[in-house]
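All values below come from the heavy atoms of this structure, side chains included, with hydrogens, waters and symmetry mates left out.
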Amino acid sequence: MESICCEKRKVLLHIPAICAVYFLMHAFGETALQLPFSLYRAGIPGLMLYLCLELMNVWAAVFFYSRYILKKSVSQIGLGKPFIDLRWTLGAVIFICLENGFYLIFTKGELQIWNLGVREQLHLLFSNIFIQGLRTAVMDGMLFRALTPSVFLKSFGRKGTAVISSLLYAAVTLAAEAGSFWNAGRFFLQLCALFLKGMALLLVTFATGSVWPSVMLDTVYLAFGGDAHILHIDTEQTFPSVFAYTLENDSWILAGLPETFSLNTALPAVAGFGVIILAAFRHIKTQEKEKREQNKHAYWETCFRQPEHLPGYRIAARIRQKLLPDDLTGNVLEHLLSGIAAGLYLMALLNFGGRNLLQQYFFTYGTKEAEIINELKTYARVNHITADHADALLSWKEQKGIRELLIARDGFLIFNAAYPGKMLPGRSKMPASIWRPWYYVVFSDGGADVYISTGFDEKYYRMLSAFSALAGFAACLGVVTSGMHRQLLEKDQMEKELRMAQEKLVLGMSHDLRTPMTGLLTYMEVIKKQEPQGSSVREYVDKAYDKIVQMKDLSDQMFEYFLIDSQKGVSLEQPEEISSVLGDYLSELCALLDCEGFCVSMQMPEWKPVLIQVNTDYLGRIFNNIFSNLEKYADREQEVVIWIVYERDRAGIVIQNGMAQSGPFAEGTGIGVKNICLMMEQMGGAAQAGMRKKEYRITLYFPIYEAVLYRRNGKDGNPQRD
């Protein structure tokens, strides 16, 4: 229970991050519109370019956030099929027709047709459908109905996710209207209306399994609803539209809350979104009944995990395979390119969006430039200064400590304080101010646009640029390291799985081979007893018997090796003196070797009182393997020499013997020695084996737990630590 609460608290940390992404995206979009000042005025081509920039902006934000923060692909957050749902598209058209028809038929008002040309009408139509409609719907849909639900769905379920996402959408959308916070009742009504709209669109997303049907519904509503440039319904007409219906009744139930420029709070819109909620909820219930055996929550998460069905996926996959092959170099290059792209995007988003937010802050709360503009107005009126009076303007500029002063009229500069001479009219276009506004000042020869800069805000912009660069570099480094770390984890996981599969296979095969080998060995022993010594058949029987014994030993050793390797964290006995631990095993080894006809030489010095820790099961297996190797490979004509060695932090047993020149086991596989080394490693020790001048030597090193030198006290005889 505690872990679930902790997980939910971690998930809630995404809320401020998503809000920051939302505001930065909008600020970035406004900056992108300001960079080429004539973009919006360039007609439909300019609007298309602006729309593409905005859609690329929101796609990049959602892509990087989902991939490198949520660790999900865009196909896993609802950005897949279906792209268009005919049922909900038809429902959106009916909704708009009913809403507009309600105003035109049941409310009193005046319908007017603006005197606009065909070009202006096409411009308004394109702007309303794609800029005010599609652009806004895609940005809100991808952020609040795709990215946000994928964050909360696992921890809060579908119901909790719907409430949190809709409430977040309403709060963030309403936060842009600062005037709403001055009246609690108005704020609450707007919040409820936007919450209702967000809930309706999110339920459509849940019902269809994709965000795009809800985007289509929102696009139709924004483009053709009562706030559109095509048919604008309001009590006041503040901008031109193709059709305008001016209401006589200014009740908020019909016209929406005053000064909101939105009919979301009006009764027709609220009723329409309520009907959409009921329809979507019914559709979800119907799907659950039809697929009762399949959990809808899992369905919504998994129905987009097949990106190969998306259009163009195979072509994109082939291109990616050509540019970034599936090897180490390709993976490193992919992570590097992804990191650079993420870093550059974050740097641009923070820099451009932050500058726009700073600009809005300075413009809203007043700056030193705004005060100086008022002084310029007074100075021009009192002294009858014209807009191109260079001497008077330069003198005033030096007096006020202004860094930059530009004056433009009809889109062309007529004065530039940095230009040494008189500017020719109509030769230099008015530059678009990216971060500071132009002010309108009336001179003696007429009004003009003035741009001034004292440079007081440059330090903030420099700080923002430095912060953006550091954040971009950190994002690039984080993406690269995260990608490499994830790749290493996947590689380690794959290696572990392969190793486990290998161990399971070998253990199973070794175990299955032991039973028939034992039976076959029994049959060969019976045949050996039936065949007399010296016969030709007995010779082949003996060779076959030796081979079977060799195969059985090899199978047993393989089984033991993989069984030991699969055991992690072997338990050790309590520390004991080395003489107590190894004495019995060495005595038993010498006795067994003596019975087999070996001559054993024990060159043992005095046992030192050092403590070691062992696992008695492993230690018994080790000495059994050593005896088996000596029995198979050692020369019985040479001595087997055993002695003990002491080092600073470990003690060891050395066993040396001569190698036999021939025999059925003259050439071994070495797996027995590997078993010994593995068991010693798991006990914290080590084993070393090697050949030198036809002499084989193996050394077993045990780490010293505690070295104690005893000296006896003449009075009480108790051992003391030296």
- Query: What do the steps show when you test Asn657 against Gln638 for side chain to side chain contact (heavy atoms under 4.5 Å, CB included), and what is the final call?
  - Reply: CA-CA 7 Å; Asn657 64 280; Gln638 300 184 37; over 6 Å; no

So which atom in [X] and which in [Y] form the shortest heavy-atom distance, rounded to 0.1 Å?
X      : Y      : value
Thr148 : Ser165 : CG2-OG, 3.4 Å
Lys72  : Ser150 : NZ-O, 3.0 Å
Gly684 : Pro703 : O-CG, 3.4 Å
Ala61  : Val21  : CB-CG1, 4.0 Å
Met659 : Tyr696 : SD-CB, 3.5 Å
Arg648 : Ile704 : O-CD1, 4.2 Å

- Once the angle between the rings of Phe63 and Tyr68 is folded into 0 to 90°, is it parallel (under 30°), tilted (30 to 60°) or perpendicular (over 60°)? perpendicular

- Indicate the ring-plane relationship of Phe156 and Phe152, choosing parallel, tilted or perpendicular according to the 30° and 60° boundaries. perpendicular

Does [atom1] belonging to [X] count more than 12 external heavy atoms closer than 6.0 Å?
X      : atom1 : value
Met56  : CE    : no
Met691 : CE    : yes
Lys159 : NZ    : no
Glu596 : CD    : yes

Quick one: are [X] and [Y] in side-chain contact, heavy atoms under 4.5 Å?
X      : Y      : result
Cys590 : Ile642 : yes
Val673 : Asn625 : no
Gln603 : Val641 : yes

- Query: Could you go step by step and tell me if Tyr618 and Gln682 meet the side-chain hydrogen bond (donor to acceptor under 3.5 Å, both in side chains) rule?
  - Reply: CA-CA 9 Å; Tyr618 277 11; Gln682 292 200 5; 3.2 Å; yes

- Task: Give the intermediate values and the outcome of salt bridge (charged side-chain N to carboxylate O under 4.0 Å, His left out) for residues Lys608 and Glu577.
- Result: CA-CA 8 Å; Lys608 291 186 178 181; Glu577 289 191 8; over 6 Å; no

